[in-house]
Amino acid sequence: MLSKKQLRSDIETVEKALKKRKFSFDINHLNSLENKRKKNQVETQELQNLRNIRSKSIGKAKAAGEDIEPLLAAVADFADKLDVAKSELQIIQSQIDEIVMAMPNMPHDSVPEGDSEEDNIEVSKWGEPGQYDFEVKDHVDLGELHGLDFEAAVKISGARFSVMTGKIARLHRALTQFMLDQHVENNGYTEAYVPYLVNAESLTGTGQLPKFETDLFKTHLHGEEGDAKTLYLIPTGEVPITNMVRDTIVKESDLPLKFVGHTPCFRSEAGAYGRDTRGLIRQHQFEKVELVQVVKAQDSYQVLEELTGHAEGILQALNLPYRKVALCAGDLGFSAAKTYDLEVWMPGQNAYREISSCSCFEDFQARRLQLRWKNPTTNKQELLHTLNGSGLAVGRTLVAILENHQQDDGSIRIPDVLHSYMGGITIIN
RNA sequence: GGAGGGAUGGCAGAGCGGCUGAAUGCACUGGUCUUGAAAACCAGCAAGGAUUAAUCUCCUUCUAGGGUUCAAAUCCCUAUCCCUCCA
């Protein structure tokens, strides 16, 4: 959520920044609501003040043993007036909230202009796409040789699910373990195990709600829909991990907070019909190792580079060619101020495909989360900055390994760093 | 499944209709003292919001949402979470 203070005092800057990401809003409407709010709020507070004063005087009179009847009469018609004023104010405020909650974050100055992924800018590149002296297969054909089974998944659940058995299932598990160990042992993250079903407050905190409910799987617990308690399957580990520290004032000595967690992710993929229907690229359920950091405002952009580097470290260790891309304003996620995507080379598709998305949210999430620290120099509670990134998406990493490390007979070379996690297996054939 | 008890500021913990935005302790900040530190003593110290050039002032908030009342941390109802006991 953007700062309402800024929306009041400096709406032009907000408008300009959001225009960069093609988001427009009705300034006049917002301003007129704001003016109404101001007038209403002042009136309401005056009424409340009067009521408080009179109530106090009644208390005093009673304590002094005086007759309070005339005082009661004087205050009699207050309640109605106050009720009307209060409910009007509430309506206006919820109208404003609705607008503000639907406004995305402002892009950082360094974010390139542009409308779509076409306009993203390549920042760096690591490794060279491999040269193959045979016809490369894509991961679906390769996977089916080694235990990747989409037919079984369709039978069990339907489209966009997968089943893995044998060595490929183990490779999938090995990747997860390797990533977690790497981030815990070498990059200084604290491992976190978190719930996969979360409440609406958590999703509001990180920005998935109220705007993107249709992307989520929704469950209800005891009772009919409507009055049942609603829980959502997490679309990313970011949600539970970041919300661990919702409504807290973090001790300075605990900063920065660095968490890594492995979770499944569930996405309805609404609006993605027909895209990436083949294979593991776009699934309703997939695994991800998620990095989350909570830092002081002044550190956040340096930490974004660092966190992105941690994700890159995994790709490098697995010897997977990739490039780092700065998302343009139009391609930025709702809550992000700046995002780097890491795109891994996929020989089967002859293209770079997203495998990690690393974002700085500045105080956009922290404001919703009420996530603060006490700054000793100002002696004030200040919002922290949040960041997260995939380190990495496990399913897509599996795809990348299959496609990049395939050999002409369809076998797969296992990268060295995974051998110990594979019980010594160096090749899948 | 049943019966109770609880949720209060950064933390711990009083208060149980009006003088309580909230005692006290800890933590924190400033000061006195000290060569320095500790201790002791003194002072300050919740958040959010409205208004303001700023100060002042005002409003809201004692888990959340409703209700009673001129007045609610305090009484009533509902929800959530925690704890204890019984089956």
Side-chain angles (χ1 to χ4, degrees), chain A residues 1-10 31 33-97 100-101 195 197-205 209 219-232 240 243-255 257 294 296 363 366-384:
Chain A
M1 176 162 87
L2 298 174
S3 152
K4 283 192 192 156
K5 234 177 210 159
Q6 183 172 20
L7 284 169
R8 276 178 209 138
S9 61
D10 188 17
N31 277 339
L33 278 175
E34 182 51 37
N35 289 334
K36 263 202 254 176
R37 190 224 94 232
K38 197 181 261 189
K39 183 167 156 285
N40 250 280
Q41 184 160 350
V42 170
E43 276 172 18
T44 306
Q45 292 189 354
E46 268 167 15
L47 282 171
Q48 282 171 323
N49 182 222
L50 268 169
R51 182 206 56 198
N52 290 346
I53 289 170
R54 297 205 183 168
S55 288
K56 270 186 190 148
S57 70
I58 291 172
K60 277 188 191 139
K62 211 175 167 188
E66 291 166 23
D67 179 16
I68 59 167
E69 282 306 318
L71 291 169
L72 285 178
V75 87
D77 62 331
F78 250 56
D80 287 347
K81 265 201 241 167
L82 188 57
D83 277 353
V84 171
K86 257 167 127 170
S87 63
E88 274 176 18
L89 180 62
Q90 209 170 26
I91 290 166
I92 294 166
Q93 245 152 4
S94 64
Q95 285 171 339
I96 293 175
D97 277 349
V100 175
M101 287 297 268
L197 284 159
V198 297
N199 57 32
E201 288 76 21
S202 295
L203 288 155
T204 306
L209 287 180
T219 72
H220 27 93
L221 200 58
H222 30 255
E224 296 302 307
E225 195 172 3
D227 56 11
K229 181 177 171 181
T230 300
L231 290 174
Y232 298 85
N243 273 279
M244 287 197 292
V245 287
R246 185 171 85 219
D247 287 324
T248 57
I249 294 166
V250 182
K251 273 196 259 166
E252 188 186 14
S253 56
D254 291 339
L255 290 169
L257 300 176
V294 176
K296 295 178 193 170
D363 60 13
R367 187 170 291 108
R368 294 173 173 225
L369 293 161
Q370 283 303 296
L371 170 54
R372 293 164 295 176
W373 69 299
K374 188 154 187 176
N375 184 339
T377 57
T378 59
N379 215 23
K380 280 264 178 199
Q381 293 181 12
E382 294 175 6
L383 293 171
L384 289 160

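Residue numbers begin at 1 in each chain, while the letters A, B, ... track the order of the sequences. Only heavy atoms go into these numbers, but all of them, side chains included; no hydrogens, no water, no symmetry mates.
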Looking for any heavy atom pair under 4.0 Å, which part of the strands does [X] touch: base, sugar-phosphate only, or nothing?
X	result
A:R367	nothing
A:K4	nothing
A:I249	sugar-phosphate

Inset, instruction - Report yes if some heavy atom in the side chain of A:T248 is under 4.5 Å from a heavy atom in the side chain of A:L371; otherwise report no. - result: yes
Inset, instruction - Take atom P in B:C77 and the same atom in B:A3, then report the distance between them in whole Å. - result: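 Looking at atom P only, B:C77 and B:A3 are 14 Å apart.
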Inset, instruction - Could you work out the separation of B:G9 and B:U57 based on their C1' atoms and round it to a whole Å? - result: 23 Å
Inset, instruction - Sort out for me which residue in A:K36, A:Q41, A:E43 forms a side chain to side chain contact (heavy atoms under 4.5 Å, CB included) with A:K39. - result: A:E43
Inset, instruction - Using a strict cut-off of less than 4.0 Å between a Lys/Arg side-chain nitrogen and an Asp/Glu carboxylate oxygen, indicate whether A:K4 and A:D97 qualify as a salt bridge. - result: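 Salt bridge flag = yes for A:D97 with A:K4.
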Inset, instruction - Inspect the contact between A:E252 and A:K296 and indicate whether a charged nitrogen and a carboxylate oxygen are less than 4.0 angstrom apart. - result: yes
Does any nucleotide pair with [N] by Watson-Crick or G-U wobble geometry, both distances under 3.5 Å, and what is it?
N	answer
B:U60	B:A47
B:A87	none
B:A27	none

Legend entry - Summary of protein contacts for nucleotides 56-62 of chain B, nucleotide by nucleotide, where a base hit scores B, a sugar-phosphate-only hit scores S (4.0 Å, heavy atoms): --BSS--
Legend entry - hbond_proxy A:K374 side chain to B:G10 base (donor-acceptor, 3.5 Å cutoff): no
Inset, instruction - Dump the intermediate steps for side-chain contact (heavy atoms from CB on, under 4.5 Å) on A:V198 and A:L231, then the final yes or no. - result: CA-CA 5 Å; A:V198 297; A:L231 290 174; 5.9 Å; no
Legend entry - Nucleic acid contacts of residues 83-95 of chain A, taken as heavy-atom distances under 4.0 Å to RNA chain B: none
Measure from [atom1] on [X] to [atom2] on [N] and round the result to the nearest Å.
X	N	atom1	atom2	answer
A:K56	B:G17	NZ	C1'	14 Å
A:D247	B:G48	CG	C1'	13 Å
A:W373	B:C28	CH2	C1'	14 Å

Inset, instruction - Verify whether one side chain among A:R246 and A:S202 offers a donor that lies under 3.5 Å from an acceptor in the other. - result: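 Note: A:R246 and A:S202 side chains meet the donor-acceptor criterion.
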